[in-house]
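Notes to accompany the following structure.
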Amino acid sequence: MDGMLTLLVLLPLAGFLLNGLLGRRLGTGFVNVVGVGLPFLAFGVALWAWRTLEAGDGAPIVETVFTWAVVGEYSFEVAFYLDRLSAVMALIVTGVGALIHLYSIGYMKGDEGYARYFAYLNLFLFFMLLLVLGRSLLVLFVGWEGVGLASYLLIGFWFQDAAKARAGRKAFITNRVGDAGFLLGMFLVFTFAGTLEMDRINEAFAAGLIPVGVATAAGILLFIGATGKSAQIPLHVWLPDAMAGPTPVSALIHAATMVTAGVYLVARLSGVYLEAPAASTLIAVIGVLTAFLAATIALVQTDIKKVLAYSTISQLGFMFLALGVGAYGVAVFHLFTHAFFKAALFLGAGSVIHALNGEQDIRRMGGLARRIPWTFGTFAIATAAIAGLPPLAGFFSKDEILWFAIASGEGGALWLWALGSLTALLTALYMFRLLWLVFLGHSRMEPETERHVHESPVTMTSVLVVLAAFSVIAGWFALPQYLEPLLALPEVRFAWGGWHLLQVIFAVLLALLGLAGAAWLYRDGGRPADELWQRFRRLHRVLAGKYFVDEFYDRALQRPWRWVSDRVFLRLGDRLLIDGSLHGLAALARWSAAAFARVQSGSLHWYAWMTLFGLVAVLIWVWRYV
Amino acid sequence: MGVAVTIETVFFGIFSLGALAGAVAMFFLRHPMRVALALIGTMLSLAAIYAQLGLHVIAVFQVLIYVGAVMVFMIYAIMLLDVRDRSFTERFSPLLVAGLAGLLLLVGVLVDGLLRGEPVVTPVIREDVFSVGTFAAVFMDEFWVYFALAAVLLLVAEIAASAVIDIRRRGEDLAAARREKLDE
Amino acid sequence: MTPEGLLLAALPEHLLLLGILAILVTDLVSSRPRDAFLPALLTVLAAALAAFWLHGTGHSAAPFPGHFSVDADAFAAKALLFGLAVPALFLARDERHESRFAMLLLASLYGAGLLLSADSLLMLFFGLELLSLPLYALVVLGFRRPESAEAALKYLVLGGVGTAVLLMGLSLTLGATGGLMAADFRTALEGEDFLSRGAVVLVVAAFMLKAAVVPFHAWAPDAYEGASVPATAYMATVVKGAVLLALVRLFGEAGAATELLAVVVALSLLSIVWGNLAAMRQEGFRRLIAYSSIAHAGYLFLALLGPAEARFEAVAFYVIVYGLTNLLALACLPRGEDWLRDRLDSLKGLYHRDPRSAILIAVAMLSLAGIPPFPGFVAKFLVFRTVMESGLVAVAVVGLVASYLGIYLYLRVIRYMFMSPAEAHPKTRPAAGFATAAALMTLAAVLLVGIFPGVVLGWL
Amino acid sequence: MSEASALNLLLFLPVIGGALLLLLPERRPDLVRGLSMLVLSAQLVIAAWLYLQFEAGVSGLQFETRIPWIAAWGVHYHIGLDGLNLLLVLLTAFLGPLVVAGAFTSITKDVKLFHGMVLFLQFTMLGTFLAQDLFLFYVFWEAMLIPMFLIIGIWGGERRIYATLKFFLYTAFGSILMLAAVVYLAFTVLSQDGTPSFAIADLYLLELSVPVQVLLLTGFALSFAIKVPMVPLHTWLPDAHVEAPTAGSVILAGVLLKMGTYGFLKLGFPLFPDAAQLATPLIMTLAVVSILYGAGLALVQDDIKKIIAYSSVSHLGYVMLGLVSYNLLGVQGAIIQMVSHGLVAGGLFLMVGMIYERCHSRDLGAYGGLAKVLPVYSVFFMLLTLAAIGLPTTSGFTGEFLVLLGAFHAAWPLYEQGLTYPLALASAAVLGIVLGALYMLRLVRRLLFGGLQAPEAQGGTLRDLSLREMGILAALVAAIFYIGLFPNDFLQKTEQAVIEYQERVLPERAAEGVR
Amino acid sequence: MSDANLLLAVSGMLFALGLVGVVVRRNLLVMLMFLELMLNGVLLSLAVFTQLLGAEAGAVLMFLVFVVAAAEIAIAVPIVLLLVRAGRTLDPGSYAGLKG
């Protein structure tokens with residue numbers, strides 16, 4: 001039906017406007033109805049749209065809303081495009097989004113900025129839908145930047161804490177760095193394809209008319225954009241800091257949806273990347289490195305949300321690994337499953353934090369399993385899912401990724417697989433570490449905190465349960481196959497399908513190994529692990545310091561830029577050279593004026609002499625050559 | 001005028017020297033009265049030259065107007081303002097050296113230019129033109145307007161002079177103005 | 001030439017002479033010195049109107065062939081100069097000058113009339129003397145302080161030097177060409193020999209001295225400062241204009257030889273720079289006007305470099321605009337003790353005491369600075385276009401850049417008036433009376449010239 | 001009312017208003033304000049009407065008036081609308097009432113003079129945009145300095161005298177050189193055509209040798225570049241902005257700076273196409289340097305107004321970059337960016353003025369956490385900030401996006417021919433969006449977020465925006481989003497003129513059909 | 001060297017001496033007299049040219065110079081008197097109140 005997609009997009013926008021303009025005045029009830037109701041409605045519309053799509057047997061639905069700009073022969077239109085990929089994304093976004101909205105009612109209860117919070121969250125949904133439904137890169141970019149904005153606003157939601165505001169800014173700026181690459185990639189694509197509509201771009205590239213060099217360059221540039229949004233090396237630094245925002249926000253934006261936008265982008269433009277093997281390889285390498293390094297950092301983090309943040313980065317790395325080896329559908333699959341279990345994890349963490357009145361340090365937790373059983377249960381399921389224990393969701397998707405990492409005919413390599421597998425092991429390790437430290441063992445809480453521990457309200461736990469359920473079943477959807485018509489899976493290099501089975505077994509073993517390792521190391525409040533780290537103190541420092549990337553950026557980029565701005569631009573350029581020379585000229589003028597005044601000494605003799613001098617001068621001049 | 005040294009040349013030479021001597025003397029004489037006398041000497045020398053050149057009318061005017069009127073007025077002023085102040089004790093201004101340098105240059109450039117510059121028009125010697133009668137006739141015929149204008153000019157000069165002299169009456173105003181300025 | 005023709009051709013001059021005589025007679029008959037504002041005003045107005053009318057009729061004659069002739073340009077020049085004298089007279093009225101001030105002013109105007117019709121160098125010399133001699137007295141007539149006499153003396157001595165220089169030039173012209181007609185001077189302009197070149201450069205130097213061009217300018221700041229406001233106004237506008245217009249007439253169709261051109265260019269540019277810079281730090285309004293007039297003399301001399309047919313228009317228009325705006329500024333000065341009202345300090349916060357005057361002075365200053373939409377800009381444009389037309393592009397550019405130096409000094413005046421707090425007890429009072437009338441008169445003219453420069457240019 | 005007379009009315013309405021203003025007594029500032037508001041609102045209505053009447057896709061001037069002014073020189077009073085000035089005229093008319101409304105409470109000294117100057121300024125600015133005669137253009141161009149000089153000098157901050165003199169002398173210097181070029185052009189027309197003319201359309205047809213073009217362009221460009229301002233001719237801007245009263249800053253940022261870029265667009269490049277092409281690498285470099293340099297400087301300022309001032313340097317760098325791309329995308333983007341910057345920077349300065357009125361400080365260190373006490377203010381500030389950093393859906397994005405796309409589009413073919421430099425510059429310009437976010441968000445964080453700093457705020461006496469202020473800002477924000485979301489109507493109306501611009505400056509490329 | 005040239009040279013010298021006298025002498029009246037000397041220098045050259053070229057105009061100009069010189073001195077002397085009355089000296093160095 002016409003207008004369906006537009007309606008889908010506009011629903012959250014309406015929520016934003018209503019809550020933003022009126023929310024404060026009309027009270028919590030109104031805010032809840034609007035702020036939570038509309039996302040659910042949107043989910044409903046998304047389902048409806050998906051049904052419509054399937055009714056048409058997956059033929060893309062295009063909905064042109066209006067023409068944004070026509071410049072010469074180029075036309076930029078705002079149009080929505082629904083195919084299976086975007087439908088899956090829209091469903092995730094609205095589904096998980098709606099759940100998290102619901103969860104937020106309990107989590108944010110009594111907050112001063114309650115209406116503002118829901119307004120922002122709705123705004124986020126709006127932009128995210130714009131992102132996934134946009135037909136052209138331009139609309140996607142609008143959403144892309146828009147979710148960045150929402151993220152910025154929500155990270156800095158408690159703006160009176162300067163550190164939080166700063167974290168929001170960091171996220172925005174880091175994203176902007178990626179966006180710069182994105183823009184350039186977009187321009188390059190536009191220059192060759194003459195359009196920004198992604199289906200047509202894919203067609204143009206698929207037609208093979210565009211030089212490989214260009215495709216590679218465009219691919220890399222767009223991927224830079226993706227690294228920004230999806231927190232890949234080297235632009236991953238913002239995501240851990242983004243945990244300053246309210247936890248549901250971390251769940252929705254910084255785990256389930258927004259950060260996967262980069263994955264979506266690459267998948268969406270698979271036509272470009274298929275033409276650019278070098279770019280794809282780069283993606284795979286960055287992906288696997290990110291996955292590995294983030295996992296190592298996650299091992300030693302002590303903030304519950306930071307652990308999850310690094311885990312998110314790591315999982316996103318997996319997705320990019322899949323993208324890099326051409327398994328776009330698999331990446332989306334992992335995106336899909338990840339959305340549920342990571343949301344569940346974050347919301348679980350939120351529940352923990354809620355229960356502990358804001359405590360986030362896992363060293364001061366422990367033994368919560370009995371006190372908050374619902375949270376514990378769902379958290380455990382999600383942990384198992386992310387660790388890749390069968391038959392939970394993560395098992396299926398991650399396994400596929402690892403399989404294609406080695407088996408893909410488009411860039412699969414042993415070392416990718418090996419590193420990926422190691423990361424999978426680490427994942428299991430750090431996730432179970434988290435589980436152990438938070439929920440099991442004995443309590444290390446402050447007595448004051450401990451007294452107040454309480455299970456979260458039903459609005460929160462119900463959401464946890466739903467998400468946990470999905471963490472279980474999400475893997476059972478054969479998403480790669482569902483997307484196959486759109487995103488073909490790469491051909492497999494190994495003739496014998498049995499290899500795959502071996503890999504599965506190996507992966508499960510790794511997960512179990514991780515589980516066992518964690519159980520052993522982190523029993524008793526993690527003392528064995530501490531002793532172990534004592535031996536590798538230096539390594540621990542590096543990991544706890546997150547490889548000092550932040551410090552490196554600070555020293556290598558931010559401080560030099562400030563230094564250059566201040567010393568070179570301001571002091572040397574503006575003040576000394578430009579204004580200095582101007583003031584010098586002014587001083588010269590004043591000096592000459594003073595000199596002229598001295599000449600005008602008042603002495604008649606002197607005046608007469610000047611006349612005499614003038615006469616002599618002009619006479620000599622005119623008689624010079626005669 | 002011939003190239004050879006004639007009696008005329010000697011005559012011109014003598015009176016030129018006289019004129020120059022007067023001018024140079026004006027430089028060095030301390031008392032304004034003596035300067036005036038030296039100037040009169042110069043003027044008379046020049047009058048002689050004019051006469052020798054055949055410009056009798058001009059020579060007469062030179063004596064009558066210049067020496068007779070202007071210089072007499074000047075001498076009157078000198079006598080009236082017989083102040084023996086710095087202007088008397090120190091003959092020269094601080095710009096003596098600069099002035100003399102200027103003198104050298106100006107004399108050099110002027111004399112050089114005048115010596116080298118020859119009239120481009122062929123000289124027309126008409127001895128009769130400048131006799132008193134002829135000159136008067138020419139004057140009254142073609143140039144009479146200047147005669148009328150000379151009258152206007154002199155009238156204006158009279159008015160101007162009387163106006164300036166009248167200002168002295170306002171000396172009191174002036175003193176008051178100065179006091180006020182000092183108070184400021 | 002019939003007697004009527006004689007009368008008609010020199011009608012403005014005759015009217016001026018008549019006015020002088022009338023005032024003189026009244027003065028002699030009356031027992032005490034009287035103010036001669038009304039007769040003087042009527043005389044000047046009559047002379048200006050006569051010139052204007054004769055310009056309109058296209059009258060052209062030579063009542064004294066070879067000495068004195070009139071044509072459209074001459075009448076236009078006279079009309080505009082006599083017209084500019086009117087506000088000066090109004091200003092004089094407020095100064096309570098005696099009748100002799102009026103007579104001298106008329107006499108000086110008479111000299112300007114002669115100067116602007118001169119066909120012979122004798123007439124030129126005579127006109128210039130008749131223009132200048134009364135000025136020496138006019139300067140001293142505003143005798144409010146001893147410096148007035150000092151100013152007059154400096155002006156007189158340097159003016160005397162100028163006279164001598166001019167005469168030397170004329171003498172050399174005679175030697176070079178055998179005649180003393182204006183045409184002979186133009187012959188000398190083309191001469192390559194010593195006498196011709198010397199003649200031309202000395203004459204031009206003498207005119208530069210009268211118009212106050214560096215390095216012959218030294219008298220101007222002192223004389224302007226020492227003189228009373230109306231005398232300053234008169235000197236800065238009418239006299240300067242007369243000198244320049246006479247020079248334009250003297251040059252006629254002739255161009256300047258390269259050497260002379262270089263002299264004019266160099267001294268004009270020097271003048272612009274010098275005047276503009278030196279004016280920057282002046283604390284006296286008249287002195288500031290003086291330096292500004294030195295700079296403007298530079299522009300005017302630059303205009304002389306243009307092609308013959310464009311010179312008159314450029315100079316005349318410039319003189320109109322420059323004169324009007326100068327008069328406007330001087331007419332709006334606050335009233336008070338002469339030395340006090342002259343101080344730039346006393347303009348501080350003028351806007352708060354007398355907004356009308358402040359705005360008018362600001363208009364005048366901006367016009368003098370050549371900032372559009374004020375007529376000064378059109379005048380400046382015309383001058384530099386003229387310069388460029390004769391191919392001296394670089395000179396025009398340098399001149400323009402030099403003119404930029406002048407902006408600051410005019411802004412400074414505006415800054416004093418608008419951007420300084422008003423004094424609690426100002427010692428000066430807002431302009432009023434005849435000065436205001438003069439201001440309104442000039443303002444009307446400035447507006448006319450500013451809004452319809454095309455009309456004025458068409459008239460010239 | 002015939003259409004041409006509507007344009008004349010638009011132009012002269014402020015003059016009429018100024019004349020009426022003279023009749024009002026100084027003691028009644030409310031009347032003065034009301035009258036100015038009325039006049040400028042009427043002007044806005046006329047401008048809007050003209051905009052709606054303006055036909056897209058039609059070549060040449062619309063609503064043209066041409067009357068001889070200085071007949072002998074061929075100077076005409078010649079005004080008209082075309083695609084190049086249409087939006088700027090609309091912008092000027094739009095900002096007028098907002099400026100007056102913004103000054104309701106902040107200007108209490110010499111109210112009459114102030115409003116007179118604002119009206120005068122409005123007149124000269126519109127005149128500059130509308131003039132189709134070079135002489136007329138110059139007159140308006142230069143005349144505009146006067147009211148601005150007074151506005152900064154009388155109602156400005158502590159160092160107002162320094163700032164205003166700097167502003168005047170800086171800009172006047174450029175103008176002088178431009179005047180020299182104008183004079184030369186005038187005299188060239190005469191020698192080439194035999195008849196004097198200052199009509200810009202005639203001047204376009206002049207055939208000038210390349211060296212002459214270069215010299216003349218230098219004259220024009222210096223003047224325009226100072227006004228834009230382009231690094232390194234920008235140092236007047238921060239001082240002028242900081243010291244100017246709010247209204248002055250708004251007009252300065254909103255309209256005045258656009259005159260420089262408009263000058264390039266209307267005169268500089270099309271008059272001297274060959275020289276323009278020679279100068280393109282230089283101008284492009286300076287544009288990119290401006291973007292980065294301005295962004296860098298904005299980052300290290302602690303004076304709020306200075307931050308916004310330097311951000312103007314950066315933003316106008318984009319405009320220049322778009323103009324020298326000589327393709328439709330870039331130039332259209334530049335035009336939109338001009339309008340956008342006018343709205344955004346104008347709005348930001350208004351907001352700084354509002355907070356200054358309340359807390360009397362422009363020092364960033366004195367603020368913090370305003371979002372807590374001034375929520376409405378903060379929302380508007382945030383929105384304007386977002387527009388400033390070019391977030392999509394705001395006008396800033398439309399401009400920057402098209403400009404950068406255009407620049408890239410122009411640079412790529414050169415890259416394929418082996419010229420890397422333009423592409424490198426275009427890419428470097430993209431970095432500006434990062435740096436822009438860097439300083440603007442710093443401003444937001446220090447101003448709105450964090451703990452409360454301002455003593456007034458801690459005292460709890462801080463009022464949030466009044467209805468009047470909200471109205472002003474709402475109008476601005478609405479315009480910003482309108483342009484961000486629906487720029488097409490604007491683009492259609494300007495397109496024809498931009499095509500002609502391209503044909504003039506880059507006939508070869510235009511002939512190839514590359515837009 | 002002809003007589004004319006001799007006289008012209010003398011004329012130039014007188015002119016120059018007159019101008020320089022104004023510069024170097026420290027007495028107002030003496031300075032005025034040097035102005036007269038300048039004029040006399042000019043007159044001599046005029047006389048030479050007039051005679052040489054038979055130009056009546058030259059003689060008329062000389063006549064006018066006499067008149068002007070008289071008029072000038074008639075104005076100058078009262079001004080000097082006025083000045084001396086106020087300043088009580090003939091030293092022009094004392095009259096430097098206007099400067100800058």
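We name chains A, B, ... by the order of the sequence lines, and we start the count at 1 in each one.
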Does atom NZ of Lys372(D) have more than 12 heavy-atom neighbours from other groups under 6.0 Å away?
no

Can you tell which part of Phe173(D) gets under 4.5 Å to a heavy atom of chain A, answering side chain, backbone, both or neither?
neither

Beyond-backbone contact of Met186(A) with Leu405(D), side-chain heavy atoms, under 4.5 angstrom:
no

In terms of heavy-atom proximity below 4.5 Å to chain A, should Phe401(D) be classed as side chain, backbone, both, or neither?
both

Chain D contact via Leu570(A) - which portion, at a heavy-atom distance below 4.5 Å:
both

For atom OH of Tyr415(D), is the number of surrounding heavy atoms from other residues, nucleotides or ligands below 6.0 Å larger than 12?
no

What's the spacing between Phe408(D) CZ and Leu188(A) CG if we round to 0.5 Å?
4.5 Å

Phe182(A) portion near chain D, given a 4.5 angstrom heavy-atom threshold:
neither

Report which part of Leu196(A) has an atom under 4.5 Å of a heavy atom belonging to chain D: side chain, backbone, both, or neither.
side chain

Among Ala295(D), Pro487(D), Gly369(D), single out the residue with the greatest number of heavy-atom pairs under 4.5 Å to chain A.
Pro487(D)

Can you check whether Tyr170(D) reaches Leu582(A) side chain to side chain, under 4.5 Å on heavy atoms?
yes

side-chain contact (heavy atoms from CB on, under 4.5 Å), that's the test. Do Phe486(D) and Thr67(A) meet it? Break it down for me.
CA-CA 8 Å; Phe486(D) 311 107; Thr67(A) 304; over 6 Å; no

Heavy-atom check, side chain of Leu448(D) versus side chain of Phe159(A), under 4.5 Å
no

Check whether the side chains of Asp574(A) and Thr235(D) place a donor and an acceptor atom closer than 3.5 Å, and report yes or no.
no

Any chance you could measure Leu183(A), atom CG, to Leu404(D), atom CG, to the nearest 0.5 Å?
6.5 Å

Looking at side-chain heavy atoms only, is the closest gap between Phe190(A) and Leu329(D) below 4.5 Å?
yes

Working for side-chain contact (heavy atoms from CB on, under 4.5 Å), residues Leu391(D) and Tyr152(A):
CA-CA 12 Å; Leu391(D) 206 80; Tyr152(A) 164 74; over 6 Å; no

Pick from Val379(D), Thr398(D), Leu233(D): which one has the most heavy-atom pairs with chain A under 4.5 Å?
Thr398(D)

Checked Asn175(A), Val177(A), Asp579(A) vs chain D; the most non-hydrogen pairs under 4.5 Å come from Asp579(A)

Gln558(A) versus chain D, the contacting section by heavy-atom distance below 4.5 Å
neither

Interatomic distance, OG@Ser565(A) vs OH@Tyr310(D), rounded to 0.5 Å, equals 11.0 Å

Heavy-atom distances under 4.5 Å only: say whether Val214(A) touches chain D with side chain, backbone, both or neither.
side chain

Answer with yes or no after comparing the ring centroid distance for Phe397(D) and Phe141(A) against a 6.0 Å cut-off, counting only values under it.
yes

For the residue pair Leu153(A) and Met382(D), what are the closest heavy atoms and their distance?
CD2-CE, 4.1 Å

If I measure from the heavy atoms of chain A, does Val444(D) come under 4.5 Å with its side chain, its backbone, both, or neither?
side chain

For Arg176(A) versus Gly390(D), what's the shortest heavy-atom pair and its separation?
NH2-O, 3.6 Å

Tell me which of these, Val568(A), Val564(A), Asp161(A), Asp566(A), has more heavy-atom pairs under 4.5 Å with chain D than the rest.
Asp566(A)

Does any backbone or side-chain atom of Trp68(A) lie under 4.5 Å from a heavy atom of chain D? Answer side chain, backbone, both or neither.
both

Report which part of Pro375(D) has an atom under 4.5 Å of a heavy atom belonging to chain A: side chain, backbone, both, or neither.
side chain

Give the member of Leu169(D), Val430(D), Thr494(D) that has the highest number of heavy-atom pairs under 4.5 Å with chain A.
Val430(D)

Quick one: of Ala407(D), Pro413(D), Pro238(D), Pro392(D), who has the most non-hydrogen atom pairs under 4.5 Å with chain A?
Pro392(D)

The interface call for Asp489(D) against chain A, heavy-atom contacts under 4.5 Å, is neither

Taking every heavy atom of Gly296(D) against every heavy atom of Trp561(A), the minimum-distance pair comes out as CA-CZ2, 3.4 Å

Hey, mind stepping through Asp179(A) and Val434(D) against side-chain contact (heavy atoms from CB on, under 4.5 Å) and telling me if it holds?
CA-CA 8 Å; Asp179(A) 294 350; Val434(D) 180; over 6 Å; no

Using non-hydrogen atoms only, which part of Arg446(D) is less than 4.5 Å away from chain A: side chain, backbone, both, or neither?
neither

Under 4.5 Å from a heavy atom of chain D, the part of Arg24(A) involved:
side chain

Any Phe449(D) side-chain heavy atom under 4.5 Å of Trp158(A) side chain:
no

Quick one: pull up CZ in Arg169(A) and CG in Leu438(D) and give me the separation to the nearest 0.5 Å.
5.5 Å

Residues passing the side-chain hydrogen bond (donor to acceptor under 3.5 Å, both in side chains) test with Trp412(D), sequence neighbours excluded, are Glu416(D)

Select one option (side chain, backbone, both, neither) describing which atoms of Leu577(A) are under 4.5 Å from chain D's heavy atoms.
neither

As an exercise, state the distance from CG of Leu184(A) to CG of Leu431(D), rounded to the nearest 0.5 Å.
8.5 Å

Determine whether Leu491(D) and Val70(A) make a side-chain contact, defined as any pair of heavy atoms from C-beta on separated by less than 4.5 Å.
no

If you look at every heavy atom in Ala165(A) and Arg445(D), which pair is closest and at what distance?
CB-CG, 3.6 Å

Measuring only between side-chain heavy atoms, which start at C-beta, is Phe66(A) closer than 4.5 Å to Asn488(D)?
no

Would you say the ring centers of His409(D) and Phe187(A) fall short of 6.0 Å from each other?
no

Contacts of Tyr293(D) meeting ring pair (Phe, Tyr, Trp, His ring centres under 6.0 Å) (sequence neighbours excluded), chain-then-number -> Phe569(A), His234(D)

Backbone N or O of Val71(A) within a donor-acceptor pair of the Gln332(D) side chain at under 3.5 Å?
no

